[in-house]
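Structure first, commentary second.
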Amino acid sequence: MRKVIRTIVLVVCIAGFCFAAYKLYDYYSEMKKGEDTVDKLKDIAVTEAKQGEKAPISVDFTALRAENPDIIAWLYSEDTPINYPVVQADDNQYYLRRLTDGSYNTNGTLFMDFRDPADLSGFNTVIYGHRMRSKAMFGTLPEYLEDGYYSEHPVMYLLTPEKSYRLDIVSSFLLRSDSDIYKPIETNEDKIAFLDKITTDSAFKPNVEFGTDDRYVLLSTCSYDFDQARQLVIAKLTEL
């Protein structure tokens, strides 16, 4: 009887090991596919900016849109993994688990809220991305909640087919996914409430001024601190 039990335990352990190995292989395979897809886009469309240009990179959106017409922008943060295309679909689900080539992948693609104008003319434009354990996608955003990271990375860049922008980081904090801050903000009263929240709740004090006449980009990623937790990194949008 003991021999039978030992055999059963051994089989269960082997099965568990095989399943864990498969899941690990699947995870890294998907991560590699996601990286390869983005690298392909970088190779055909992204180059270092020429001397004198204000943004550190240059993007060929004609080439990008030949690959996928949903690509509306490119987000770049120097000395970090953030160097990705931004897409926009008819909803906030399509690219949650899809790459720019349409294939299923848990990395997903950075995507703009379908309710926001693609030309960044709205007061608060939201861009979503996964918090990957590998630090890919928005995996480095949680570091804005730690001491010192903001002072080392106070600026990002967002390039579109029409214009290039500097993103001056002004705030980062945790909130619930159903917060009204994700909805398009239009009234002056709501703008004042928005500014009050991002000032009061921020993990750091920014070194730039901002107000109701400015426009903002909200980088949103998941958090695990409480139920339906999300993290925002908020930046003031400045045309270059």
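Scope of the values below: all heavy atoms of this structure, side chains included, with no hydrogens, waters or symmetry mates. This structure is a prediction, so every number in the text was calculated from the model and none was measured.
Applying the ring pair (Phe, Tyr, Trp, His ring centres under 6.0 Å) definition to pairs two or more places apart or across chains, none involves residues 46-78. Pairs passing the ring pair (Phe, Tyr, Trp, His ring centres under 6.0 Å) check and including a residue from residues 214-240, sequence neighbours excluded, read Phe123-Tyr216, Phe194-Tyr216.
Using modelled atom types and a 3.5 Å distance limit, the side chains of Gln228 and Ser177 yield a donor-acceptor pair. Of the N and O atoms on the side chains of Asp70 and Tyr94, not one donor lies less than 3.5 Å from an acceptor on the other residue.
Take His153 and apply the ring pair (Phe, Tyr, Trp, His ring centres under 6.0 Å) test, not counting sequence neighbours, and it matches Tyr149. Asp213 is linked by a side-chain contact (heavy atoms from CB on, under 4.5 Å) to nothing, counting only residues two or more places apart in sequence or in another chain. Among residues two or more places apart in sequence or in another chain, the ring pair (Phe, Tyr, Trp, His ring centres under 6.0 Å) test is passed with Tyr150 by Phe204. The side-chain hydrogen bond (donor to acceptor under 3.5 Å, both in side chains) search around Thr80 returns Ser77, not counting sequence neighbours. For Tyr84, the ring pair (Phe, Tyr, Trp, His ring centres under 6.0 Å) criterion is met by no residue, not counting sequence neighbours. Residues that satisfy the salt bridge (Lys or Arg N to Asp or Glu O under 4.0 Å) test with Asp116, not counting sequence neighbours, are absent from this structure. In terms of the side-chain hydrogen bond (donor to acceptor under 3.5 Å, both in side chains) criterion, Asn124 has no residue partners (sequence neighbours excluded). Residues meeting the side-chain hydrogen bond (donor to acceptor under 3.5 Å, both in side chains) test with Ser220, sequence neighbours left out: Tyr182. Taking Ser121 as the reference, Asp119 meet the side-chain hydrogen bond (donor to acceptor under 3.5 Å, both in side chains) condition, with sequence neighbours excluded.
Using a 4.5 Å heavy-atom threshold, the side chains of Gln231 and Phe138 count as separate. Contact annotation: the side chain of Val87 approaches that of Phe111 to within less than 4.5 Å [non-hydrogen atoms, C-beta and beyond]. Between Leu120 and Met112 there is a side-chain heavy-atom pair separated by less than 4.5 Å. Side-chain contact between Val38 and Asn83: absent, with no pair of heavy atoms (C-beta onward) separated by less than 4.5 Å. Using a 4.5 Å heavy-atom threshold, the side chains of Phe210 and Ile198 count as touching. A heavy-atom distance below 4.5 Å is not found between the side chains of Leu219 and Leu110. At least one side-chain heavy atom of Phe173 sits less than 4.5 Å from a side-chain heavy atom of Lys197. With a 4.5 Å cut-off on side-chain heavy atoms, Glu67 and Pro85 do not count as touching.
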Task: Derivation of the salt bridge (charged side-chain N to carboxylate O under 4.0 Å, His left out) call for Arg215 and Glu239 - done: CA-CA 10 Å; Arg215 289 176 291 159; Glu239 184 179 340; 5.2 Å; no

TODO: For the pair Val170 and Val208, evaluate side-chain contact (heavy atoms from CB on, under 4.5 Å) and give the outcome as yes or no after the intermediate values.
DONE: CA-CA 7 Å; Val170 298; Val208 294; 3.6 Å; yes

Task: side-chain contact (heavy atoms from CB on, under 4.5 Å) between Glu209 and Lys236, worked out - done: CA-CA 9 Å; Glu209 296 182 355; Lys236 182 177 79 169; 5.5 Å; no

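The hydrophobic cluster containing Leu158 does not contain Ile71, counting ILVMFWY residues as joined when their side-chain heavy atoms lie under 4.5 angstrom apart, directly or transitively. In the hydrophobic clustering of this structure, Val155 does not group with Tyr144; members are Ile, Leu, Val, Met, Phe, Trp, Tyr whose side-chain heavy atoms approach within less than 4.5 Å, directly or through other members. Grouping the Ile, Leu, Val, Met, Phe, Trp and Tyr side chains by contacts below 4.5 angstrom, directly or via other members, places Leu232 apart from Leu141. Under a hydrophobic clustering in which Ile, Leu, Val, Met, Phe, Trp and Tyr are joined whenever their side-chain heavy atoms come within less than 4.5 Å, directly or via other members, Leu159 and Leu75 fall into different clusters. Connection of Tyr128 to Leu145 is not established within any shared hydrophobic cluster, with ILVMFWY side chains joined at heavy-atom distances below 4.5 Å, either directly or through further cluster members.
With rounding to the nearest 0.5 angstrom, the CG atom of Asp91 is 10.5 Å from the CG atom of Asp113. Once rounded to the nearest 0.5 Å, the distance linking OG1 of Thr47 with CG of Asp60 reads 8.5 Å. Note that the CZ atom of Arg115 and the CD atom of Gln88 stand 11.0 Å from one another [nearest 0.5 Å]. Put simply, OG on Ser172 and CD on Glu146 are 10.0 Å apart, with the number rounded to the nearest 0.5 Å. In this structure, OH on Tyr165 lies 10.5 Å from OG1 on Thr238, to the nearest 0.5 angstrom. One distance of note links CG of Leu167 with CG of Leu237; it measures 6.0 Å at 0.5 Å rounding.
Looking only at distances, no side-chain donor or acceptor of Glu53 sits under 3.5 Å from a matching main-chain atom of Ser58. A donor-acceptor distance shorter than 3.5 angstrom exists from the side chain of Ser151 to the backbone of Gly148, with no hydrogens or angles considered. Checking side-chain atoms of Ser171 against main-chain N and O of Thr199 turns up no donor-acceptor pair under 3.5 Å. Judged by distance alone, with hydrogens and angles left aside, the side-chain atoms of Ser164 form no donor-acceptor pair with the main-chain N or O of Leu240 at under 3.5 Å. Judged by distance alone, the side chain of His130 and the main-chain N or O of Cys222 form no donor-acceptor pair under 3.5 Å. At least one donor-acceptor pair closer than 3.5 Å links the side chain of Thr160 to the backbone N or O of Lys163. Between the Arg98 side chain and the Thr109 main chain, no donor and acceptor come within less than 3.5 Å of each other. Side-chain N or O atoms of Asp214 include one that pairs as donor or acceptor with a backbone N or O of Gly211 at under 3.5 Å. Looking at Asn68, its side chain does come within 3.5 Å of a backbone N or O of Thr100 through a donor-acceptor pair. Side-chain atoms of Ser103 never come within 3.5 Å of backbone atoms of Leu99 as a donor-acceptor pair (strictly under, hydrogens ignored).
The heavy-atom pair separating Gly108 from Met137 by the smallest distance is O-CE, 3.7 Å. Scanning all heavy atoms of the two residues, the minimum distance from Pro161 to Ile72 falls at CD-O, 3.2 Å. Taking every heavy atom of both residues into account, Ala55 and Ala49 meet most closely at O-CB, 2.9 Å. Shortest non-hydrogen contact noted between Asp227 and Arg176 is O-NH1, 3.7 Å.
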Distance-only donor-acceptor pairs under 3.5 Å for side chains of residues 186-193, two or more places apart:
from, atom 1, to, atom 2, distance (Å)
Thr187, OG1, Asp190, N, 3.1
Thr187, OG1, Asp190, OD2, 3.1

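The neighbour count for Asp147 CG, taken as heavy atoms of other residues, nucleotides or ligands under 6.0 Å away, does not exceed 12. Annotation: Asp90, atom CG; neighbour count of heavy atoms from other residues, nucleotides and ligands within 6.0 Å does not exceed 12.
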